[in-house]
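Below, read A as the first sequence line, B as the second, and so on, with proteins coming before strands; counting in each chain starts at 1. These numbers were taken from a predicted model, which means no experiment stands behind them.
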Amino acid sequence: MLQIPVIRQNPEIVKERLAHKYFKQPELIDELLLWDDKRKQLQTERDNLQSEVNKASKEIGMLMAKGNIDAANMLKQNVATWKEAMNNTALDEAAAKVQAILYQLPNLPAADVPTGRTPEENEVVRTFGDIPHLMTGALCHWDILKNYALADLELGTKITGSGFPVYTGQGAKFQRALIQYFLDFNTAAGYKEFIPPFMVNTDSAFGTGQLPDKEGQMYYASADDLYLIPTAEVPVTNIYRDVIVKPEQLPIKMTAWSPCFRREAGSYGKDVRGFNRVHQFEKVEIIQITHPENSYDVLQQMVEHVEALIQSLGLPYRILKLCGGDMGFASAITYDFEVYSAAQQRWLEVSSVSNFETFQSNRMKCRFKDDAGKMQLVHTLNGSSLALPRIYAAILENYQQQDGIHLPAVLHPYFGSTIIK
RNA sequence: GGAGACUUGUCCGAGUGGUUGAAGGAGCACGCCUGGAAAGUGUGUAUAUGGGAAACUGUAUCGAGGGUUCGAAUCCCUCAGUCUCCGCCA
């Protein structure tokens, strides 16, 4: 959520920045400021009346104590008039209007976010690694899953519905090995491990920016008014909702494994085959809460961290800096990581690392007291480190040989074998 | 799921309708004292928001939301949470 004082200072710059995200209603900025002016004016009027009421009430108390009932009753009549004047809904309406507009405004993209509207306009920051030459007859992961009985998508469809894979036997163990490896890699870099709840309440979903407006992307348990998490980012970041942190605690580094549930309504076709897009997948997330001055250094550090993890798996990858039009609602800047699947001959997104600056912390009211004693919002960042099914798929596809999947060395101790046969 | 007790500031804890944003204590910060420390002692110590250059000041906040009243931390209602006992359960 944007901060009104920031908008007020530079409404034109805010509009210009929003244009980079192809925000369609720049006029909302002016409307917002008008409503906020109105809100302030009405608030002041109401406060002044309340002040009169408070003063009179004290006086009434003293008059009553002295037994001066008549004078007290006179004052009571005044109070009744003031309360009459306070009894109008214009203030509530103005405040609601301000809030409604504020909720619709996405975060401003950072200065160096590339201009562009579609994924094709994302900027390739760098590409790394050699694309493997696969054996003749190399298969895509959905066939490999079947041949080695690693996962059963049809079975998941029977039990739940399409997009809910069942991992079986060594396929399940391989998933577990990846999770374990990722978590160890993250904790070794100083991230504290959490296992959060996999359902969140509306306050939490609001805090990280899933609500309002994105209800449709989350599974919702109406009987209890809870949402299945689309990512561990939601519960873990919300650990610090309504918290005033001590500056010396920063940066706070957290990591968590979780299943992720995404409705992903309206996606069909071969791009979503196999593991490419599913409704339930697992992911290990890294999250940092930082001093505003450091967040861009931390962003680089997180990018390098994810990069090192992908490199350790020996997968060819590229890093994209998303253009304004392709970025998420809450993000100020996002780097996407894609690994290359040689069998599918396409890039698969496996991580997304973002700086949200104060967008989430303003919603969550996560602050610290700076050296001058002033409350300031922290910056929040997060990234996948890593998302499972596509990494899983890329390993199967890129490492397949006649006799099985020859796993990258870092996974051997976790999987307890060098090969999936 | 049933019954009961409870929910006050960083923490402990007083407070059952009238200068209570909230006693007292602890903690913390700064000062005095000290050769240094401890002890002692003085002052300060919430958040949001409006006005103001600032000093300062208006308003709101005692789990949340509503109500009664001239006036609510205190009375009433609803909800949430915590604890204890019972039930159920991996």
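In this entry the distance linking CD of A:Q77 with P of B:G71 reads 14 Å, nearest Å. Rounded to whole angstrom, the span from the CG atom of A:D92 across to the P atom of B:G65 amounts to 13 Å. The separation between A:N201 atom CG and B:C79 atom C1' is 14 Å, rounded to whole Å. Between the P atom of B:G71 and the CG atom of A:L63 lies a distance of 15 Å, rounded to the nearest Å. For A:L42 and B:G50, the CG to C1' distance is 12 Å, given to the nearest whole Å. Between A:K58 atom NZ and B:U69 atom C1' there is a gap of 17 Å when expressed in whole angstrom units. Rounded to whole Å, atom P of B:U47 lies 14 Å from atom CD of A:Q376. In this entry the distance linking CG of A:D36 with P of B:G51 reads 10 Å, nearest Å.
Taking only side-chain atoms of A:D47, from C-beta outward, the nucleotide of B:C70, B:U49, B:U59 with the closest atom is B:U59. Taking only side-chain atoms of A:S57, from C-beta outward, the nucleotide of B:G18, B:A60, B:A48 with the closest atom is B:G18. Listed nucleotides B:U49, B:G18, B:U59 differ in distance to A:I60; the shortest reach to its side chain belongs to B:G18. Comparing B:U47, B:G50, B:G58 against the side chain of A:K40 picks out B:G50 as the nearest.
Comparing the same atom, C1', in B:C77 and in B:C83 gives a spacing of 24 Å after rounding to whole Å. With P as the reference atom, B:A46 and B:C11 are 13 Å apart, rounded to whole Å. Annotation: B:U47 and B:G40 have their P atoms spaced 28 Å apart (nearest Å). For the C1' atom pair drawn from B:C62 and B:G17, the interatomic distance equals 15 Å after rounding to whole Å. Taking atom C1' in both B:C12 and B:A23, the straight-line distance is 14 Å, to the nearest Å. Separation of the P atoms belonging to B:A73 and B:G18 is 11 Å when rounded to the nearest angstrom. B:U84 and B:G65 are spaced 27 Å apart, taking the C1' atom of each and rounding to whole Å. Annotation: B:U8 and B:G81 have their C1' atoms spaced 15 Å apart (nearest Å).
For A:R367 and B:A48, the shortest distance from a side-chain N or O to OP1 or OP2 is below 4.0 Å. A:K76 has no side-chain polar atom (N or O) that falls below the 4.0 Å cut-off from OP1 or OP2 of B:U69. A close approach under 4.0 Å does not occur between any side-chain nitrogen or oxygen of A:N48 and OP1 or OP2 of B:U59. Side-chain N/O atoms of A:T44 include none lying less than 4.0 angstrom from OP1 or OP2 on B:G51.
In a base pair of the Watson-Crick type (N1 to N3 plus N6-O4 or O6-N4) or a G-U wobble (N1-O2 and O6-N3), with each distance short of 3.5 Å, B:U47 is matched with B:A60. Of all nucleotides present, none satisfies the Watson-Crick or G-U wobble test against B:G87 with each distance under 3.5 Å. When both distances must be under 3.5 Å, the Watson-Crick or G-U wobble mate of B:C75 is B:G67. Across all strands shown, B:G24 forms a Watson-Crick or G-U wobble pair, both distances under 3.5 Å, with B:C12. Searching all strands for a Watson-Crick or G-U wobble partner of B:G42 with both distances below 3.5 Å returns B:C30. Shown here, B:G35 forms no base pair; nothing in the strands shown gives a Watson-Crick or G-U wobble contact with both key distances under 3.5 Å. Base pairing of B:A55 is not made with any nucleotide, judged by Watson-Crick or G-U wobble geometry with both donor-acceptor distances under 3.5 Å. Using the Watson-Crick or G-U wobble rule with both distances under 3.5 Å, B:U82 pairs with B:A5.
In A:M375, the CE atom is crowded: over 12 heavy atoms of neighbouring residues, nucleotides or ligands sit closer than 6.0 Å. Counting non-hydrogen atoms of neighbouring residues, nucleotides and ligands closer than 6.0 angstrom, the CD atom of A:E27 exceeds 12 such neighbours.
The residues A:E285 and A:K283 are annotated as salt-bridged, a charged nitrogen and a carboxylate oxygen being separated by less than 4.0 angstrom.
Residue A:M62 is classed as having no contact, given no heavy-atom separation below 4.0 Å to the nucleic acid. Residue A:K369 is classed as a sugar-phosphate contact, given heavy-atom separations below 4.0 Å to backbone atoms only. Using a 4.0 Å heavy-atom distance criterion, A:Q50 is classed as a sugar-phosphate-only contact.
Neither side chain, A:T208 nor A:Q360, offers a donor N or O lying under 3.5 Å from an acceptor on the other.
Ring pair A:F261/A:Y219 is perpendicular by interplanar angle, where above 60° counts as perpendicular and below 30° as parallel. Note on ring orientation: taking the six-membered ring where Trp is involved, the planes of A:F415 and A:F174 are perpendicular (angle over 60°, cut-offs 30° and 60°). Classification of the A:Y167-A:Y392 ring pair by plane angle, with boundaries at 30° and 60°, yields tilted. Using cut-offs of 30° and 60° on the angle between ring planes, the pair A:H305 and A:F185 is tilted.
Positionally, the nearest nucleotide of RNA chain B for A:M375 lies more toward the 5' end than for the other of A:M375 and A:N54.
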